[in-house]
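One-based numbering along the sequence shown.
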Amino acid sequence: MDFADFTDSISSFYQSHQFIAIVIAILFVFLIFRRPKFILSLFLLALILAGVIYLIFDAASSGIFIKEKLIDKSEFNGIQNR
């Protein structure tokens with residue numbers, strides 16, 4: 001998932017559920033003014049977790065690509081040996 005897909009999903013959620021999105025935004029702004037250190041540390045934690053999850057999915061997708069490449073190669077060799 002790249003950044004454009006992420007922003008599209010947020011935009012789609014806002015268009016589908018405007019009332020919920022506005023309440024979440026107001027709550028977020030209220031919490032930033034009320035407890036800025038906690039919210040910013042929570043945001044930093046979420047950003048770090050998102051980065052770790054991105055790296056895990058990136059590594060898994062490259063492993064899947066290599067596995068499919070090996071399967072295709074072995075099937076091609078099986079066809080040639082017949």
Side-chain angles (χ1 to χ4, degrees):
M1 176 182 262
D2 60 347
F3 189 72
D5 291 337
F6 180 71
T7 56
D8 287 342
S9 67
I10 290 174
S11 166
S12 175
F13 178 80
Y14 175 74
Q15 290 172 357
S16 300
H17 310 288
Q18 283 185 341
F19 180 73
I20 295 172
I22 291 171
V23 168
I24 289 172
I26 290 172
L27 182 65
F28 184 70
V29 169
F30 176 73
L31 287 175
I32 282 180
F33 284 117
R34 194 84 167 127
R35 297 182 182 154
K37 188 176 181 181
F38 174 71
I39 296 300
L40 292 177
S41 62
L42 193 64
F43 179 73
L44 180 65
L45 178 66
L47 191 63
I48 290 171
L49 288 176
V52 168
I53 290 172
Y54 174 78
L55 289 175
I56 290 171
F57 281 131
D58 188 44
S61 66
S62 65
I64 291 170
F65 174 74
I66 291 172
K67 182 179 178 181
E68 289 175 353
K69 188 176 175 183
L70 288 173
I71 289 172
D72 290 340
K73 186 177 179 181
S74 67
E75 287 176 356
F76 179 73
N77 286 339
I79 293 172
Q80 281 185 335
N81 290 338
R82 290 183 181 176

Rounded to the nearest 0.5 Å, what's the gap from CD1 on Ile24 to NE2 on His17? Could you check?
9.5 Å
Distance col, row Phe28:CZ vs Phe33:CZ, nearest 0.5 angstrom, shows 11.0 Å
For atom CZ of Phe13, is the number of surrounding heavy atoms from other residues, nucleotides or ligands below 6.0 Å larger than 12?
yes
Under 4.5 Å between side-chain heavy atoms, counting indirect links through other Ile/Leu/Val/Met/Phe/Trp/Tyr residues: same cluster for Leu31 and Phe38 or not?
yes
Calculate, to the nearest 0.5 Å, the distance between atoms CG and CG belonging to Leu45 and Leu40 respectively.
12.5 Å
Taking a hydrophobic cluster as the set of Ile, Leu, Val, Met, Phe, Trp and Tyr residues connected by side-chain heavy atoms closer than 4.5 Å, whether directly or through intermediates, do Leu47 and Leu55 fall within one such cluster?
no
Spacing of Arg34 atom CZ and Leu27 atom CG [to the nearest 0.5 Å]:
12.5 Å
Heavy-atom nearest pair, Ile39 first then Ile32, reads CG2-CG1, 3.7 Å
Under 3.5 Å, is there a donor-acceptor pair between the side chain of Ser12 and the main chain of Asp8?
no
